[in-house]
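Scope of the values below: all heavy atoms of this structure, side chains included, with no hydrogens, waters or symmetry mates. Note that the structure is predicted; figures quoted are calculated from it, not measured. FYI, the numbering just counts along the sequence from 1.
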Amino acid sequence: MKKKLHYLFALLLATFGLLTLFLSASVIFDLFGIRAKEGNYVLFIVWANFISSIIYLVASYGFVKNKNWTSTILGISALILINAFICFIIYIYTDGVHETKTIGAMIFRIVVTIIFVAFAYFNINNKNQININ
């Protein structure tokens with residue numbers, strides 16, 4: 001049962017990563033006219049999402065293979081997103097042009113990433129520590 005849960009989380013994370021990769025790469029490289037549809041996007045937020053999408057894909061492999069580093073790299077992704085969000089708030093307060101929906105999207109992405117970090121930590125790292133002792 002636990003193995004199926006790991007596969008489910010890996011699938012969810014890979015799906016989230018692929019979607020994020022597609023959307024952020026489309027804005028960065030102006031694919032499919034998505035850049036124009038996004039309006040006033042903030043490039044450093046898009047890059048933070050792009051980097052996180054790659055980390056999500058690597059972490060989905062870590063879920064499948066029960067690798068201890070899975071929670072670590074997801075934690076790095078969370079830190080990247082949190083730092084980008086702090087910079088984004090500063091950008092907003094300095095009258096930076098942005099889309100209001102970006103605030104909610106970043107909060108959602110940070111919360112989802114932290115949930116994945118917690119799942120990886122409590123289900124992979126703790127399991128492997130128990131097996132060692």
| Contact summary for A84 and M106, nearest pair of heavy atoms | CB-CE, 4.4 Å
| Check: F22 and I34 side chains under 4.5 Å, non-hydrogen atoms | yes
| request: Quick one: closest heavy-atom pair of A10 and V64, and the distance? | output: CB-CG2, 3.5 Å
| Under 3.5 Å side-chain donor-acceptor pair for N66 and H6 | yes
| task | Could you give me the CA-CA distance, side-chain angles and deciding distance for F85 and Y91, then say whether ring pair (Phe, Tyr, Trp, His ring centres under 6.0 Å) is met? | result | CA-CA 9 Å; F85 188 63; Y91 175 79; over 10 Å; no
| field | Gap between atom OG1 of T102 and atom CZ of F88 - 0.5 Å precision | value | 4.5 Å
| request: Indicate whether the side chain of T113 and that of Y56 have a donor and an acceptor atom separated by less than 3.5 Å. | output: yes
| task | Could you tell me the separation between the CG atom of L19 and the OG atom of S24, rounded to the nearest 0.5 Å? | result | 9.0 Å
| request: Apply the test side-chain contact (heavy atoms from CB on, under 4.5 Å) to residues I92 and I103: give CA-CA distance (whole Å), side-chain angles for both, the deciding distance (0.1 Å), then the verdict. | output: CA-CA 10 Å; I92 290 171; I103 297 168; 3.9 Å; yes
| query | Between F108 and L23, is there a shared hydrophobic cluster once you connect ILVMFWY residues whose side-chain heavy atoms come closer than 4.5 Å? | reply | no
| query | At what distance, to the nearest 0.5 angstrom, does CD1 of I124 lie from CH2 of W69? | reply | 8.5 Å
| said: Can you confirm whether F16 sits close enough to R109 that some side-chain heavy atom of one is under 4.5 Å from a side-chain heavy atom of the other? | reply: yes
| If you take all heavy atoms of V117 and G75, which pair is closest and at what distance? | CG2-N, 3.5 Å
| task | Please name the pair of heavy atoms, one in A120 and one in T70, separated by the smallest distance, quoted to 0.1 Å. | result | CB-CG2, 3.9 Å
| Rounded to the nearest 0.5 Å, what separation is found between the CD atom of E38 and the NZ atom of K101? | 4.5 Å
| remark: In this structure, OG of S60 is separated from CD1 of I55 (nearest 0.5 Å) by 12.0 Å
| So if you build clusters from Ile, Leu, Val, Met, Phe, Trp, Tyr with side-chain heavy-atom gaps below 4.5 Å, do Y61 and Y121 land together? | no
| message | Determine whether H98 and V42 satisfy the following criterion, side-chain contact (heavy atoms from CB on, under 4.5 Å), listing intermediate values before the conclusion. | response | CA-CA 6 Å; H98 66 286; V42 180; 3.9 Å; yes
| message | Please check: side-chain N/O of S52 versus main-chain N/O of N49, any donor-acceptor pairing under 3.5 Å? | response | no
| Are V46 and L57 co-members of a hydrophobic cluster defined by side-chain heavy atoms under 4.5 Å apart? | yes
| task | Could you check whether the rings of F119 and F9 sit parallel, tilted or perpendicular, using 30° and 60° as the cut-offs? | result | parallel
| request: Look at the side-chain heavy atoms of Ile, Leu, Val, Met, Phe, Trp and Tyr, link any pair under 4.5 Å apart, and say whether L81 and I114 land in one connected group. | output: yes
| said: Is there a continuous path of hydrophobic side-chain contacts, each under 4.5 Å between heavy atoms, that joins I45 to F50? | reply: no
| task | Calculate, to the nearest 0.5 Å, the distance between atoms CG and CG belonging to L79 and N83 respectively. | result | 6.5 Å
| Within the 6.0 Å centroid threshold, strictly below: F44 and W47 | no
| Do the side-chain N and O atoms of S71 and N125 include a donor-acceptor pair separated by under 3.5 angstrom? | yes
| query | Could you go step by step and tell me if R35 and Y41 meet the side-chain contact (heavy atoms from CB on, under 4.5 Å) rule? | reply | CA-CA 8 Å; R35 184 183 286 179; Y41 63 90; 3.3 Å; yes
